[in-house]
Undergrad: 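Have a look at this one.
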Amino acid sequence: MIARILLALVFVSAGVLKLPDPLGVADGMAAFRLLPIWAVTPLALGIPVFEIVVGVSLLSKRFLRPAALAATGLSLAFVVLYASALARGLDVQCSCFGTLEFFRVSTGVGLVRALVLLALSAWAYWRVSRRGA
Amino acid sequence: MGGVLHRIFLRDLVLVALAFLLSLATGVLANRIRPDPLSFPYRDRASRVKEAGAKDPAVIAMAVVESAWRNGTAVFIDARESDFFEEGHIPGAVNLPVSGIKKSLPAGIPADRFLIVYCSGGDCEDSGVVARALLKMGCRDVAVFAGGWEEWSSAGISR
């Protein structure tokens with residue numbers, strides 16, 4: 001339950017804080033130099049909306065399970081982005097939480113943060129799917 | 001048990017994919033009513049500055065740079081990210097990385113002086129991006145020191 005609320009808070013705040021600055025989000029995504037150019041704009045516009053949908057759904061009863069799966073998928077994508085940046089020696093300061101400087105962290109700390117999110121989401125999904133079955 | 005879990009997972013996956021596509025569509029549609037919509041396809045900072053119509057800055061060599069530094073006739077702009085700037089920079093230089101470029105000229109950069117912009121050296125592009133942005137902001141005399149920090153630090157210059 002606590003993990004769920006924490007995840008919901010993280011995803012909703014990340015989504016809401018990104019909404020006013022799509023250009024910053026696009027620049028942040030492009031800095032990882034992993035996504036094809038054509039994918040940057042739609043993802044920069046769509047990911048914040050998706051994060052809010054996932055965060056809110058994590059608090060609902062009906063959509064909890066798919067939301068936990070989506071949170072796992074998103075976190076996994078963040079882990080892949082950060083790990084690849086770290087492996088290539090890129091120092092990426094993503095705008096994961098919009099313009100809030102406090103959350104602008106180095107690549108290493110970003111990877112740890114993404115791993116914690118992944119562990120929490122995967123654990124939440126495992127718990128709810130076992131309960132559901 | 002395994003079959004049930006498998007079916008549940010597939011159903012969830014379809015729902016997640018639908019929600020993802022709907023989110024993308026919502027974001028893209030909402031972009032159309034923004035006052036400053038994001039471009040399709042994405043253009044990076046360098047090409048945005050270039051497309052804004054700024055002219056190309058002059059490129060100058062070490063001898064000119066050294067003389068300007070000794071005589072105090074130029075303001076040096078370090079276009080590298082702050083971590084690199086803090087590790088070492090041309091004495092007196094102001095740090096203005098590409099990520100720090102805003103719409104107007106930052107405080108501490110005089111538009112009416114000779115500005116020399118540099119980055120790491122070699123084939124680094126940030127000095128060109130910053131220099132073009134400075135020209136666009138109304139700075140009159142902007143040059144790029146192509147040799148950058150690499151050439152400066154290996155020359156061992158001191159007053």
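Chain letters run A, B, ... following the sequence lines, proteins first, then strands; residues in each count from 1.
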Undergrad: With a 4.5 angstrom heavy-atom cut-off, which part of B:Leu13 approaches chain A: side chain, backbone, both or neither?
TA: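 Both parts, heavy atoms under 4.5 Å.
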Undergrad: Kindly state each residue pair satisfying salt bridge (charged side-chain N to carboxylate O under 4.0 Å, His left out) with at least one member in residues 14-30 of chain B, sequence neighbours excluded.
TA: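 The answer is none; no pair qualifies.
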Undergrad: Does B:Val59 belong to the same Ile/Leu/Val/Met/Phe/Trp/Tyr cluster as B:Val130, with side-chain heavy atoms less than 4.5 Å apart forming each link?
TA: no
Undergrad: Sort A:Pro36 into side chain, backbone, both or neither according to what part of it lies under 4.5 angstrom from a heavy atom of chain B.
TA: neither
Undergrad: For residues 37-50 of chain A, run the donor-acceptor check on the side chains, cut-off 3.5 Å, and write out each pair with its distance to 0.1 Å, sequence neighbours left out.
TA:
from	atom 1	to	atom 2	distance (Å)
A:Thr41	OG1	B:Ser39	O	2.7
A:Thr41	OG1	B:Tyr42	N	3.3

Undergrad: Should we count CG of B:Leu29 as having more than 12 external heavy atoms under 6.0 Å?
TA: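 Counting other residues, nucleotides and ligands, CG of B:Leu29 exceeds 12 neighbours.
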Undergrad: Which one of A:Ser57, A:Ala26, A:Gly73, A:Ala67 has the most heavy-atom pairs closer than 4.5 Å to chain B?
TA: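 Option with the top pair count is A:Ala26.
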Undergrad: Output the option from A:Leu23, A:Leu19, A:Val53 having the highest count of non-hydrogen pairs under 4.5 Å with chain B.
TA: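 So the answer, after comparing A:Leu23, A:Leu19, A:Val53, is A:Leu23.
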Undergrad: If you count heavy-atom pairs within less than 4.5 Å of chain B, which of A:Pro22, A:Ala30, A:Ala70 leads?
TA: A:Pro22
Undergrad: Taking the side chain as C-beta and beyond, is there a heavy-atom pair between B:Trp152 and B:Met62 under 4.5 Å?
TA: yes
Undergrad: Around atom CZ of B:Arg34, are there more than 12 heavy atoms of other residues, nucleotides or ligands at under 6.0 Å?
TA: yes
Undergrad: Restricting to side chain to side chain donor-acceptor pair (under 3.5 Å), what partner residues turn up for A:Ser84, sequence neighbours left out?
TA: A:Arg88
Undergrad: Look up atom OG in A:Ser75 and atom CG in A:Leu118, then write down how far apart they are to the nearest 0.5 Å.
TA: 5.5 Å
Undergrad: To the closest 0.5 Å, what do you measure between CG (B:Asp126) and CZ (B:Arg80)?
TA: 10.5 Å
Undergrad: Using a 4.5 Å heavy-atom cutoff, which residues in residues 108-120 of chain B come close to chain A?
TA: none
Undergrad: Against chain A, work out which of B:Ala17, B:Pro37, B:Gly27 has the most heavy-atom pairs shorter than 4.5 Å and name it.
TA: B:Gly27
